[in-house]
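In what follows, every chain begins at residue 1, and chains take the letters A, B, ... in the order their sequences are listed.
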Amino acid sequence: MDLRSAIETGHAWLDDGVARVAAGPPAITRLFAAAGRHCGRAELAAAPGWTGDQAARALLLLALPTTDLPRYADELYRHGDPAEKLAVLKALPLLPIGAEAVPLLHDAIRTNDTRLVAAALGPYARHLDQAAWRQAVLKCVFMGVPLKVVDRLTDRADAELATMTAGLRDERAAAGRSFPDEALSLLEV
Amino acid sequence: MRIFDPHIHMTSRTTDDYQRMADAGVKAIVEPAFWLGQPRTSAGSFADYFDSLVGWEPFRAAQFGIRHHATIALNPKEANDPRCREALALVPRYLDKDSVVAVGEVGYDAMTPEEDEVFAAQMAMAVEFELPALVHTPHRDKARGVDRTLAVVKESGIALDRVVVDHLNEVTVGAVHDAGCWMGFSIYPDTKMSPDRMVEILRGHGLDRILVNSAADWGRSDPLLTLRTGEAMLAAGFTDDDVDKVLWRNPVEFYGQSGRLDLADPGEQDATFEGSSILRGGS
Ligand SMILES: [Zn+2]
């Protein structure tokens, strides 16, 4: 997927920004914060699941020298507003960063912001250990986040997750509360 | 009645308040950074607070269909505490955030030399980041405080119609009106300003450049006093359009000068995730 051509507005700003980041990594701090004001925040027709600001921010991260990438990914996430945090999480699978950004997933999963929890369970979650991954999937069920956000759900779902899900289902049933139908599939492992 | 509360400290309020506000017609709010009652002891404490003003609090507001923006600054009271002074260095980073629509609350508390310095430094940031400024006025020695405030504002070189001077009353409104700044009024249950007194000020000074807010926080305050002021205006013979100007169009015009005000219905933008509601409770 070509994110640059999928972006619908702000190409001149972005190209200049990418060049500035390549020439001097500290430039990314202000550019990263401003990306939504130049490249838009709506979902891109040519890149479903990506917004203009997320695509622009991914391209800014990709412009960093590889040696600087882990430090800036961490820093931009930790000092980011939710849109910036989401953009970092969304970009992780595209970045040559190995497993170094796993602490960011732990942070996102700890939050109560459903958007961040959902974004932490994309393809980069392959680096998440199974215990943390199960807890995060169960938290999605608990918060009502649709399970289609979870990458490789059927591959990774296991008997332990089925046990945990059954526990939640029983508590909900005892309380007379609803339980999402789609989560019932987790019980069939 | 659609209401934009241009100054309210939601961090100190409950979800019940959000519900009551939404029911009353509040669709947009600005939460200025200020002190929290309990003194902070480090710059890190400010970082967490600022993060919550651009992160968790907008998310919380969106669950009630309320659009949340913030203003960021080191407040004058804590500008006097050397342990907090480092927070000044954090401010610029937050001024770049999409939902930050002004520098504030800046201004004076006890009019110390430290406050002079921090106030002027943050007015310079407003100019540099091309943002409006929200200026708090002291509760003690207010009339002289307002004069001194206006001198600092003018000295900064900011366009005066990009500044709101807040917490005004009958005594202090004239000087701010004549200076060309916006005039902010905090309607409180028993101090500062009441809905009926506010109506008298609107009669005397007109509706232009006036912002009415609840300034609700952790003290005795009421987030619905914006609504009560609108009702008092109608009872006094102002029209629905007059009320809409004061309680909606004026704050939109003032904070719109930031170029960052986003009033899209958060219900449309955030309440769904790939078509499904994701805004049920937490864990
Ligand atoms: Zn205040």
Most contact-rich option vs chain A, by heavy-atom pairs under 4.5 angstrom, among Asp51(B), Val54(B), Asp98(B), is Asp98(B)
Report the option among Asp53(A), Asp113(A), Thr29(A) that has the most heavy-atom pairs separated by less than 4.5 Å from atoms of chain B.
Asp113(A)
Largest heavy-atom contact set with chain B, pairs under 4.5 Å, which of Lys85(A), Glu43(A), Arg37(A)
Arg37(A)
Is it the side chain or the backbone of Glu84(A) that comes within 4.5 Å of chain B heavy atoms, both, or neither?
side chain
Atom [atom1] of residue position [X] - does it have more than 12 heavy atoms of other residues, nucleotides or ligands inside 6.0 Å?
X: Glu130(B); atom1: CD; value: no
X: Glu182(A); atom1: CD; value: yes
X: Gln19(B); atom1: CD; value: yes

What's the spacing between Arg30(A) CZ and Leu95(B) CG if we round to 0.5 Å?
9.0 Å
If I compare all heavy atoms of His79(A) with all of Lys97(B), which pair ends up nearest, and what's the gap?
O-NZ, 2.8 Å
Do Asp81(A) and Tyr94(B) touch side chain to side chain, with heavy atoms closer than 4.5 Å?
no
Against Phe59(B), only a single residue in Asn112(A), Thr111(A), Thr114(A) fulfils side chain to side chain contact (heavy atoms under 4.5 Å, CB included); can you say which?
Thr114(A)
Counting only non-hydrogen atoms closer than 4.5 Å, does Arg260(B) touch chain A with its backbone (N, CA, C, O), its side chain (CB onward), both, or neither?
side chain
